[in-house]
Amino acid sequence: MPELPEVETTRAGIAAHLIDRRVIHVTIRQPMLRWPVPTDLARNLEGQRIIDVTRRAKYLLLHTSNGAALMHLGMSGSLRVIDANIPPQPHDHIDLLLDSGRVLRLRDPRRFGALLWIDGNPFAHPLLHGLGPEPLDDDFNGDYLFDRARGRKVSVKDFIMNSRVVVGMGNIYASESLFAAGIHPARAAGRISLVRYRLLVLSIKQVLQNAIGHGGTTLRNFVREDGRPGYFRHELNVYGRAGADCPRCGEKIRLRVIGQRSSFYCVTCQR
DNA sequence: AATCGCGCCTGACGGC
DNA sequence: TGCCGTCAGGCGCGAT
């Protein structure tokens with residue numbers, strides 16, 4: 001569920017509750033996430049002060065003076081900050097009890113998420129090393145994307161969903177950005193002009209910023225740190241709208257599987 | 001090197 | 001109403 005805007009919404013929501021707080025206790029009810037939660041997580045985290053909460057791609061990092069807890073929400077994860085006496089619900093796998101008397105609680109029905117401990121510099125970790133640029137940073141621009149696309153035959157949708165090219169683009173926002181830029185999702189990445197890549201990059205940045213501004217997209221499980229849903233679902237132009245009218249030209253929105261993922265687009269507006 | 005396909009899980013939904 | 005098949009927003013890994 002969570003793509004970059006949902007993870008960023010979560011980061012911004014939990015940061016104020018966590019920064020300068022000490023982790024008093026770690027409760028692990030279900031360690032079998034995408035990878036087993038390491039047995040030394042509690043030992044490394046308990047007693048430590050959280051000095052910053054950052055995001056890289058769709059990973060969240062809780063930084064301490066020794067290292068960082070790395071979290072991923074997978075397809076169905078959410079994080080909330082709540083009073084410690086609220087009883088856990090099904091799929092509430094992990095609690096970090098804070099010295100404020102509240103807990104950071106991870107819920108993840110499908111358990112595709114992760115919680116790892118990284119000693120030292122987290123950005124040297126294999127999961128973070130080798131990732132492409134952040135889509136909202138200045139080094140992600142049309143010239144960069146055009147250069148990376150030389151000789152590439154994959155669909156442009158698969159191309160921008162490749163985290164070595166650019167991070168954070170999931171299925172929803174890839175579809176929406178390509179619609180905004182007027183590019184057909186199945187077009188080969190190497191057969192798109194520099195001018196059109198510049199427009200695509202602008203579209204990606206606008207779509208992501210707009211989604212963050214709306215608190216992300218809630219389709220099923222996603223809630224913000226205070227339990228509210230995201231409201232960007234109402235802003236979606238093509239995603240999940242197969243058979244409905246294109247908001248730009250009125251043509252029926254098409255659905256086609258590209259790279260094993262449902263892709264939504266308008267044949268008239270996207271070439 | 002680039003591309004493709006698989007599988008980790010649970011839950012929601014549609015069709016019968 | 002209930003059962004069953006299909007699909008879901010991610011992503012690393014191994015095979016080709």
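Per chain, numbering begins at 1; letters A, B, ... match sequence-line order.
- Between the CG atom of A/Leu33 and the P atom of C/dC11 there is a distance of 15 Å, given to the nearest Å.
- Residue A/Asp40 places its CG atom among more than 12 non-hydrogen atoms of other residues, nucleotides or ligands, all under 6.0 Å distant.
- C/dT6 sits 15 Å from B/dC6 when the P atoms are compared, rounded to a whole Å.
- Between A/Leu236 atom CG and C/dG9 atom C1' there is a gap of 11 Å when expressed in whole angstrom units.
- Atom CE in A/Met71 sits roughly 18 Å away from atom P in C/dG10 (whole-Å rounding).
- The gap from the P atom of B/dC9 to that of C/dC4 amounts to 22 Å, rounded to the nearest Å.
- Note that CD of A/Glu225 and CZ of A/Arg80 are 9.0 Å apart. Values are rounded to the nearest 0.5 Å.
- Using a 30° and 60° split on the angle between ring planes, A/His91 and A/His93 fall in the perpendicular class, above 60°.
- Counting only heavy atoms from C-beta on, A/His72 has its side chain closest to C/dC11 among C/dC11, C/dG9, C/dG12.
- Stem regions annotated for DNA chain B: B:2-8 with C:10-16, B:10-16 with C:2-8, counting only runs of 3 or more consecutive pairs of Watson-Crick or G-U type with both contacts under 3.5 Å.
- One interatomic measurement links the two molecules: CZ of A/Arg164 to P of C/dC11, which rounds to 14 Å at whole-angstrom precision.
- When rounded to the nearest whole Å, the span between CG of A/Leu60 and P of C/dG10 equals 15 Å.
- Listed by first and then second residue, the ring-ring contact (aromatic ring centres under 6.0 Å, His included) pairs involving residues 2-26 of chain A amount to none (not counting sequence neighbours).
- Between A/Tyr59 and A/His72, the ring planes lie perpendicular to each other; the angle is over 60°, past the 30° to 60° tilted range.
- Under the 4.5 Å side-chain heavy-atom criterion for grouping Ile, Leu, Val, Met, Phe, Trp and Tyr, A/Leu45 is connected to A/Ile19 within one hydrophobic cluster.
- With the nearest nucleotide of DNA chain C identified for both A/Asn171 and A/Tyr59, A/Asn171 has the one nearer the 5' end.
- If you take CZ on A/Arg187 and OG on A/Ser155, they are separated by 12.0 Å, rounding to the nearest 0.5 Å.
- Considering only residues two or more places apart in sequence or on other chains, A/Arg256 meets the salt bridge (Lys or Arg N to Asp or Glu O under 4.0 Å) condition with none of them.
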Would you list the atom pairs, donor with acceptor, under 3.5 Å between side chains in residues 113-135 of chain A and any protein atom, with sequence neighbours excluded?
from, atom 1, to, atom 2, distance (Å)
A/Trp117, NE1, A/Asp119, OD1, 3.0
A/Asn121, OD1, A/Phe123, N, 3.0
A/His125, ND1, A/Leu127, N, 3.0
A/Glu134, OE1, A/Arg55, NH1, 2.8
A/Glu134, OE1, A/Arg55, NH2, 3.3
A/Glu134, OE2, A/Arg56, NH1, 3.0
A/Glu134, OE2, A/Ala57, N, 2.7

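- Atom CG of A/Asn237 is separated from atom CD of A/Glu176 by 5.5 Å, given to the nearest 0.5 angstrom.
- Partners of A/Arg241 by side-chain contact (heavy atoms from CB on, under 4.5 Å), not counting sequence neighbours, listed by chain and number: A/Ala244, A/Pro247, A/Ile253.
- Put simply, A/Tyr239 has a side-chain N or O that comes within less than 4.0 Å of OP1 or OP2 on C/dG9.
- The salt bridge (charged side-chain N to carboxylate O under 4.0 Å, His left out) pairs that include a residue from residues 142-171 of chain A are A/Asp143-A/Arg198, where partners are two or more places apart or lie in different chains.
- Under the side-chain contact (heavy atoms from CB on, under 4.5 Å) criterion, A/Asp92 pairs with A/Arg29, A/Pro88, A/Gln89, A/Arg105, A/Arg107, not counting sequence neighbours.
- Within 6.0 Å of CZ in A/Arg191 there are 12 or fewer heavy atoms belonging to other residues, nucleotides or ligands.
- For residues 110-131 of chain A, proximity to DNA chain C is found at A/Arg110, A/Phe112, A/Leu127, defined as any non-hydrogen atom under 4.0 angstrom from a strand atom.
- Interatomic distance, SG of A/Cys266 versus NE2 of A/His184, reported as 9.5 Å (0.5 Å rounding).
- Boundaries of the chain A contact region on DNA chain B are B/dA2 to B/dG11, first to last in 5' to 3' order (nucleotide atom under 4.0 Å from a heavy atom).
- Rounded to an integer number of Å, the gap from CE of A/Met75 to P of C/dC11 is 10 Å.
- Between the CG atom of A/Leu18 and the CZ atom of A/Arg21 there is a distance of 9.5 Å, given to the nearest 0.5 Å.
- Every side-chain contact (heavy atoms from CB on, under 4.5 Å) that A/Ala242 has, sequence neighbours left out, goes to A/Leu255, A/Phe264.
- Atom C1' of nucleotide C/dA8 and atom CD1 of A/Ile172 are separated by 10 Å, given to the nearest angstrom.
- A/Phe232 comes within contact range of no nucleotide atom at all, as no heavy-atom separation falls under 4.0 Å.
- Across residues 254-265 of chain A, A/Arg261, A/Ser262 each have a non-hydrogen atom less than 4.0 Å from an atom of DNA chain C (numbered order).
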Between N or O atoms, less than 3.5 Å apart, protein on one side and nucleotides 13-16 of chain C on the other: list the pairs.
none

